[in-house]
Amino acid sequence: MSPRIKVLRKVSNPPVIKGFKPYGQESGKKNSEIVNLLYEEYEAIRLSDYDMLNHHQASVMMGVSRPTFTRIYASALHKTAKAFVEGKQISIEGGKVYFDSEWYHCEKCVCYFNNPEKEKPVENCPLCNSERVDKFDYENTVESNTDTKHK
Amino acid sequence: MKVAITSTGNSLESTIDPRFGQCAYFFIYDIQNKAMEFIPNPNIDADQGAGPATVQFFASRNINKIISGEFGMKIKSLLDCLRIQMIVLKNPEKKIKEIIDMLNH
Ligand SMILES: [Zn+2]
(Lines give C-alpha, C1' and ligand atoms only; values in the text may rest on other atoms or scores of the structure.)
Protein backbone atom coordinates (compact mmCIF):
# COMPACT_ATOMS: atom_id res chain seq x y z
CA MET A 1 0.00 0.00 0.00
CA SER A 2 1.54 3.24 -1.09
CA PRO A 3 1.28 6.24 1.21
CA ARG A 4 -1.66 8.55 0.70
CA ILE A 5 -0.91 11.77 -1.08
CA LYS A 6 -1.63 14.65 1.21
CA VAL A 7 -3.84 17.21 -0.45
CA LEU A 8 -2.72 20.69 0.30
CA ARG A 9 -4.87 23.81 0.34
CA LYS A 10 -5.14 25.55 -2.95
CA VAL A 11 -4.17 29.21 -3.13
CA SER A 12 -4.78 30.93 -6.46
CA ASN A 13 -1.81 33.26 -6.30
CA PRO A 14 0.72 34.33 -3.73
CA PRO A 15 -0.19 37.66 -2.09
CA VAL A 16 1.34 40.74 -3.77
CA ILE A 17 3.05 41.79 -0.53
CA LYS A 18 4.95 40.03 2.23
CA GLY A 19 3.08 41.72 5.06
CA PHE A 20 2.06 44.98 6.77
CA LYS A 21 3.78 47.39 9.12
CA PRO A 22 1.82 49.63 11.49
CA TYR A 23 2.65 53.33 11.80
CA GLY A 24 2.01 55.92 14.51
CA GLN A 25 3.62 56.66 17.85
CA GLU A 26 2.95 53.38 19.55
CA SER A 27 3.59 51.21 16.55
CA GLY A 28 6.04 48.43 17.17
CA LYS A 29 7.27 50.12 20.38
CA LYS A 30 6.08 47.89 23.16
CA ASN A 31 7.24 44.68 21.62
CA SER A 32 8.29 43.63 18.23
CA GLU A 33 6.29 40.42 18.06
CA ILE A 34 5.10 39.78 14.52
CA VAL A 35 1.75 38.20 13.73
CA ASN A 36 2.22 35.44 11.16
CA LEU A 37 -0.70 35.08 8.80
CA LEU A 38 -0.42 31.78 6.91
CA TYR A 39 -1.01 31.69 3.16
CA GLU A 40 -4.23 29.72 3.57
CA GLU A 41 -5.47 32.31 6.10
CA TYR A 42 -4.71 35.11 3.67
CA GLU A 43 -6.56 33.17 0.96
CA ALA A 44 -9.56 32.60 3.24
CA ILE A 45 -9.93 36.35 3.78
CA ARG A 46 -9.38 37.07 0.10
CA LEU A 47 -12.06 34.63 -1.04
CA SER A 48 -14.56 35.47 1.64
CA ASP A 49 -14.22 39.26 2.00
CA TYR A 50 -12.58 40.42 -1.21
CA ASP A 51 -14.16 38.07 -3.77
CA MET A 52 -17.27 37.99 -1.55
CA LEU A 53 -17.81 34.23 -1.80
CA ASN A 54 -19.80 32.39 0.82
CA HIS A 55 -17.98 29.86 2.99
CA HIS A 56 -19.22 26.92 0.97
CA GLN A 57 -17.94 28.36 -2.32
CA ALA A 58 -14.68 29.43 -0.72
CA SER A 59 -14.09 25.97 0.77
CA VAL A 60 -14.56 24.41 -2.69
CA MET A 61 -12.10 26.89 -4.18
CA MET A 62 -9.48 25.95 -1.60
CA GLY A 63 -10.17 22.23 -1.82
CA VAL A 64 -11.00 21.86 1.89
CA SER A 65 -14.12 20.88 3.80
CA ARG A 66 -16.43 23.63 4.96
CA PRO A 67 -15.62 23.17 8.70
CA THR A 68 -11.90 23.34 7.85
CA PHE A 69 -12.48 26.51 5.88
CA THR A 70 -14.41 28.06 8.77
CA ARG A 71 -11.57 27.22 11.14
CA ILE A 72 -8.93 28.74 8.84
CA TYR A 73 -11.07 31.84 8.35
CA ALA A 74 -11.67 32.30 12.09
CA SER A 75 -7.95 32.02 12.77
CA ALA A 76 -7.23 34.55 9.99
CA LEU A 77 -9.65 37.11 11.49
CA HIS A 78 -8.36 36.57 15.00
CA LYS A 79 -4.77 37.16 13.94
CA THR A 80 -5.63 40.23 11.89
CA ALA A 81 -7.65 41.69 14.75
CA LYS A 82 -4.79 41.07 17.17
CA ALA A 83 -2.39 42.94 14.89
CA PHE A 84 -4.82 45.88 14.54
CA VAL A 85 -5.59 46.19 18.23
CA GLU A 86 -2.09 45.64 19.54
CA GLY A 87 -0.32 47.54 16.75
CA LYS A 88 1.73 44.58 15.55
CA GLN A 89 3.30 43.79 12.23
CA ILE A 90 1.74 41.13 10.02
CA SER A 91 3.87 38.83 7.94
CA ILE A 92 2.18 36.63 5.37
CA GLU A 93 4.07 33.39 4.89
CA GLY A 94 4.06 29.65 5.45
CA GLY A 95 1.23 27.16 5.61
CA LYS A 96 0.25 23.94 3.95
CA VAL A 97 -0.56 25.29 0.54
CA TYR A 98 0.19 24.98 -3.12
CA PHE A 99 -0.38 27.56 -5.80
CA ASP A 100 -2.68 26.76 -8.67
CA SER A 101 -0.61 26.50 -11.86
CA GLU A 102 -1.20 28.50 -15.01
CA TRP A 103 -2.18 26.92 -18.32
CA TYR A 104 -0.86 27.43 -21.83
CA HIS A 105 -1.83 26.42 -25.32
CA CYS A 106 0.50 25.44 -28.18
CA GLU A 107 -0.67 26.53 -31.62
CA LYS A 108 1.57 24.11 -33.46
CA CYS A 109 0.68 20.73 -31.95
CA VAL A 110 -2.60 22.00 -30.41
CA CYS A 111 -1.89 20.73 -26.93
CA TYR A 112 -2.63 22.38 -23.59
CA PHE A 113 -0.16 22.29 -20.73
CA ASN A 114 0.38 23.79 -17.30
CA ASN A 115 3.50 25.30 -15.84
CA PRO A 116 4.25 23.58 -12.52
CA GLU A 117 7.23 25.85 -11.88
CA LYS A 118 5.79 29.34 -11.60
CA GLU A 119 9.21 30.90 -11.20
CA LYS A 120 10.27 29.89 -14.71
CA PRO A 121 8.52 31.57 -17.63
CA VAL A 122 7.17 29.31 -20.37
CA GLU A 123 8.91 29.79 -23.71
CA ASN A 124 8.48 26.50 -25.54
CA CYS A 125 5.88 23.79 -25.88
CA PRO A 126 6.94 20.84 -23.65
CA LEU A 127 5.76 18.46 -26.37
CA CYS A 128 6.90 19.82 -29.76
CA ASN A 129 9.22 22.63 -28.58
CA SER A 130 7.39 25.25 -30.68
CA GLU A 131 7.58 28.85 -29.48
CA ARG A 132 4.00 29.51 -30.52
CA VAL A 133 2.61 29.19 -27.02
CA ASP A 134 -0.01 31.39 -25.37
CA LYS A 135 -1.56 31.66 -21.94
CA PHE A 136 -4.81 29.83 -21.74
CA ASP A 137 -7.79 29.85 -19.39
CA TYR A 138 -8.11 26.10 -18.89
CA GLU A 139 -10.70 26.00 -16.11
CA ASN A 140 -13.30 28.03 -17.94
CA THR A 141 -13.16 26.29 -21.29
CA VAL A 142 -11.82 22.76 -21.55
CA GLU A 143 -13.09 21.81 -18.11
CA SER A 144 -16.65 23.05 -18.43
CA ASN A 145 -18.08 19.56 -19.04
CA THR A 146 -16.26 17.64 -16.30
CA ASP A 147 -16.49 17.39 -12.56
CA THR A 148 -16.09 21.07 -11.70
CA LYS A 149 -19.58 21.43 -10.29
CA HIS A 150 -19.89 18.48 -7.87
CA LYS A 151 -19.91 18.77 -4.08
CA MET B 1 13.23 13.61 -17.53
CA LYS B 2 10.53 10.93 -17.49
CA VAL B 3 7.28 11.27 -19.38
CA ALA B 4 4.16 9.13 -18.90
CA ILE B 5 1.57 8.76 -21.65
CA THR B 6 -1.82 7.09 -21.18
CA SER B 7 -2.09 4.47 -23.93
CA THR B 8 -4.86 2.31 -25.40
CA GLY B 9 -2.48 -0.63 -26.00
CA ASN B 10 1.01 -1.94 -25.40
CA SER B 11 2.69 -1.15 -28.71
CA LEU B 12 4.18 1.98 -30.24
CA GLU B 13 1.37 1.82 -32.82
CA SER B 14 -1.22 2.19 -30.04
CA THR B 15 -2.99 5.52 -29.74
CA ILE B 16 -3.12 7.86 -26.77
CA ASP B 17 -5.88 6.93 -24.32
CA PRO B 18 -7.98 10.01 -23.55
CA ARG B 19 -8.95 8.61 -20.13
CA PHE B 20 -6.49 9.35 -17.36
CA GLY B 21 -7.42 6.99 -14.50
CA GLN B 22 -9.13 4.37 -16.65
CA CYS B 23 -6.60 4.11 -19.47
CA ALA B 24 -5.55 0.62 -20.62
CA TYR B 25 -1.78 1.05 -20.33
CA PHE B 26 0.77 3.49 -19.01
CA PHE B 27 3.66 4.18 -21.33
CA ILE B 28 6.76 5.51 -19.62
CA TYR B 29 9.51 7.13 -21.62
CA ASP B 30 12.84 8.40 -20.36
CA ILE B 31 13.91 11.25 -22.67
CA GLN B 32 17.60 11.04 -21.70
CA ASN B 33 18.29 7.36 -22.20
CA LYS B 34 15.29 6.59 -24.49
CA ALA B 35 14.14 3.76 -22.21
CA MET B 36 10.54 2.72 -22.86
CA GLU B 37 8.12 0.68 -20.81
CA PHE B 38 4.44 -0.31 -21.13
CA ILE B 39 2.67 -1.11 -17.88
CA PRO B 40 -0.92 -2.43 -17.71
CA ASN B 41 -3.04 -0.05 -15.63
CA PRO B 42 -3.55 -1.86 -12.30
CA ASN B 43 -6.44 0.42 -11.36
CA ILE B 44 -8.46 0.02 -14.54
CA ASP B 45 -11.37 -1.78 -12.84
CA ALA B 46 -11.59 0.54 -9.87
CA ASP B 47 -14.85 2.50 -10.07
CA GLN B 48 -13.57 5.23 -7.83
CA GLY B 49 -10.12 6.28 -6.85
CA ALA B 50 -8.52 5.12 -10.11
CA GLY B 51 -7.37 8.67 -10.85
CA PRO B 52 -5.65 9.32 -7.48
CA ALA B 53 -4.16 5.80 -7.52
CA THR B 54 -2.71 6.53 -10.95
CA VAL B 55 -1.26 9.80 -9.68
CA GLN B 56 0.39 7.90 -6.81
CA PHE B 57 1.81 5.39 -9.21
CA PHE B 58 3.34 8.09 -11.40
CA ALA B 59 4.69 9.94 -8.37
CA SER B 60 6.38 6.74 -7.16
CA ARG B 61 8.03 6.39 -10.58
CA ASN B 62 9.36 9.98 -10.45
CA ILE B 63 7.47 11.05 -13.55
CA ASN B 64 7.98 14.71 -14.54
CA LYS B 65 5.32 15.10 -17.24
CA ILE B 66 2.09 13.29 -18.04
CA ILE B 67 0.42 13.34 -21.45
CA SER B 68 -3.25 12.39 -21.55
CA GLY B 69 -6.57 13.44 -23.04
CA GLU B 70 -8.01 14.96 -19.89
CA PHE B 71 -7.32 15.68 -16.24
CA GLY B 72 -10.23 16.13 -13.82
CA MET B 73 -10.19 18.85 -11.18
CA LYS B 74 -9.11 16.49 -8.41
CA ILE B 75 -6.28 15.05 -10.50
CA LYS B 76 -5.13 18.53 -11.46
CA SER B 77 -4.88 19.61 -7.83
CA LEU B 78 -2.97 16.44 -6.89
CA LEU B 79 -0.53 16.91 -9.75
CA ASP B 80 -0.17 20.62 -8.92
CA CYS B 81 0.80 19.62 -5.36
CA LEU B 82 3.39 17.21 -6.75
CA ARG B 83 4.61 19.68 -9.37
CA ILE B 84 4.14 17.20 -12.18
CA GLN B 85 3.45 18.83 -15.53
CA MET B 86 0.20 17.97 -17.34
CA ILE B 87 -0.02 18.00 -21.12
CA VAL B 88 -3.49 17.66 -22.63
CA LEU B 89 -3.59 16.27 -26.14
CA LYS B 90 -7.11 16.28 -27.54
CA ASN B 91 -6.30 14.09 -30.48
CA PRO B 92 -7.35 10.44 -29.97
CA GLU B 93 -5.70 9.46 -33.28
CA LYS B 94 -2.17 10.24 -32.08
CA LYS B 95 0.04 7.17 -31.86
CA ILE B 96 2.56 6.66 -29.08
CA LYS B 97 5.44 6.62 -31.57
CA GLU B 98 4.29 9.97 -33.01
CA ILE B 99 4.27 11.49 -29.54
CA ILE B 100 7.79 10.18 -28.92
CA ASP B 101 8.91 11.85 -32.16
CA MET B 102 7.36 15.13 -30.98
CA LEU B 103 9.15 14.87 -27.65
CA ASN B 104 12.46 14.34 -29.41
CA HIS B 105 11.63 17.24 -31.77
ZN1 LIG C 1 3.42 22.01 -29.22
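Residue numbers begin at 1 in each chain, while the letters A, B, ... track the order of the sequences. All figures in this text were calculated on a predicted structure; none of them were measured in a lab. Side chains included, hydrogens not; waters and symmetry mates left out as well; all remaining heavy atoms used.
Interface residue B:Ile67: only side-chain heavy atoms are found under 4.5 Å from chain A.
Atoms CG and OG, from B:Asp80 and A:Ser101 in turn, are 3.5 Å apart once rounded to the nearest 0.5 Å. If you take CG on B:Asp101 and CG on A:Leu127, they are separated by 11.0 Å, rounding to the nearest 0.5 Å. To the nearest 0.5 Å, the span separating SG on A:Cys106 from CE on B:Met102 amounts to 7.0 Å. Atoms SG and CG, on A:Cys128 and B:Asn104 in that order, are 12.5 Å from each other to the nearest 0.5 Å. Note: B:His105 NE2 to A:Asn124 CG = 7.5 Å, rounded to the nearest 0.5 Å.
The shortest side-chain heavy-atom distance between B:Lys90 and A:Tyr112 falls under the 4.5 Å cut-off. Using a 4.5 Å heavy-atom cutoff, the side chains of A:Trp103 and B:Lys76 are in contact. Within the 4.5 Å cutoff, no side-chain heavy atoms of A:Val110 are placed close to those of B:Asn91.
Criterion: ILVMFWY side-chain heavy atoms under 4.5 Å apart, direct or through other members. Under it, B:Ile66 and B:Ile96 are not part of a common hydrophobic cluster. B:Leu79 and B:Ile63 fall within the same hydrophobic cluster, defined by Ile, Leu, Val, Met, Phe, Trp and Tyr side-chain heavy atoms under 4.5 Å apart, directly or through other members. Each of A:Ile90 and A:Ile45 belongs to its own hydrophobic cluster when Ile, Leu, Val, Met, Phe, Trp and Tyr are linked at side-chain heavy-atom distances under 4.5 angstrom. Cluster annotation: B:Ile87 and B:Ile5 are assigned to the same hydrophobic cluster (Ile/Leu/Val/Met/Phe/Trp/Tyr, side-chain heavy-atom contacts under 4.5 Å, transitive). Connection of B:Ile44 to B:Phe58 is not established within any shared hydrophobic cluster, with ILVMFWY side chains joined at heavy-atom distances below 4.5 Å, either directly or through further cluster members.
A:Glu131 CD: 12 or fewer foreign heavy atoms inside a 6.0 Å radius. Heavy-atom contacts from other residues, nucleotides or ligands closer than 6.0 Å to NZ of A:Lys18 number 12 or fewer. Within a 6.0 Å radius of CZ in A:Phe20, no more than 12 heavy atoms belonging to other residues, nucleotides or ligands are found.
Of all non-hydrogen atoms in A:Cys109 and B:Leu89, the two that sit nearest each other are O-CD1, 3.9 Å. The shortest non-hydrogen separation linking A:Pro126 to B:Gln85 is CB-OE1, 3.4 Å.
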